[in-house]
Amino acid sequence: MAEARCSCGALRLTLSAPARLVIACHCRECQRRTGAPFGVGAFYPVGAVVISGAAKAFHRVADSGGAVRTYFCPECGSTVYWQAENLPSMIGVAVGALEEPPHAAPTKSIFERSKHGWVHIEGAAEHRH
Ligand SMILES: [Zn+2]
Ligand SMILES: [Zn+2]
């Protein structure tokens with residue numbers, strides 16, 4: 001059973017199944033969301049995720065055109081998870097919020113068109129511009 005939490009610990013997720021996918025995303029919105037050069041999300045089936053604590057949602061339109069709702073702790077501001085309209089069966093969890101980060105490196109590296117030049121995602125089977 002894996003867990004994820006925000007900085008202050010008020011917003012927590014319990015994950016009862018392994019992540020199906022780990023994706024590194026270099027899009028501008030993930031850069032803004034994280035304050036880091038790229039975001040990494042582990043995707044879990046909705047049925048395997050139990051959420052506790054209050055979350056505030058931020059709704060935005062992704063570069064791909066679909067809507068994304070990112071959920072953050074209203075106390076400390078950490079984004080812990082998100083759900084994309086075009087992937088309703090999965091919940092994306094910020095890998096930095098996981099108590100035990102998955103050992104698996106990202107299998108996909110997407111939106112590399114806005115990737116910082118010094119960032120190299122090794123081992124990803126798929127690189128998307
Ligand atoms: Zn918090
Ligand atoms: Zn992104």
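We count ligands from 1, going down the list as the structure has it; atoms in each ligand are counted the same way. Residues: numbered from 1 along the sequence shown. Just so we're clear, the structure is a prediction, and the values are computed from it rather than from any experiment. Computation of the quantities below employed the complete heavy-atom set of this structure, encompassing side-chain atoms and omitting hydrogens, waters and symmetry-equivalent molecules.
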At a cut-off of 2.8 Å, protein N/O/S around the Zn ion (ligand 2) gives Cys25 SG, Cys27 SG, Cys30 SG
Within-4.5 Å side-chain heavy-atom neighbours: Leu87 and Phe43: yes
Quick one: does any side-chain atom of Ser114 pair with a main-chain N or O of His26 as donor and acceptor, under 3.5 Å? yes
Charged N-O contact under 4.0 Å between Glu3 and Arg5:
no
Next on the checklist: Using the rule that Ile, Leu, Val, Met, Phe, Trp and Tyr join whenever any side-chain heavy atoms are under 4.5 Å apart, tell me whether Val22 and Ile91 fall into a single cluster.
Outcome noted: yes
Margin query: Would you say Ile51 ends up clustered with Leu98 if hydrophobic residues are merged whenever their side chains have heavy atoms under 4.5 Å apart, either directly or through other cluster members?
Written below: yes
Cys6 SG to Cys73 SG via the Zn ion (ligand 1), rounded to 10°, gives 110°
Quiz item: Relative to the ring of Tyr81, is the ring of Tyr71 parallel (under 30°), tilted (30 to 60°) or perpendicular (over 60°)?
Solution: parallel
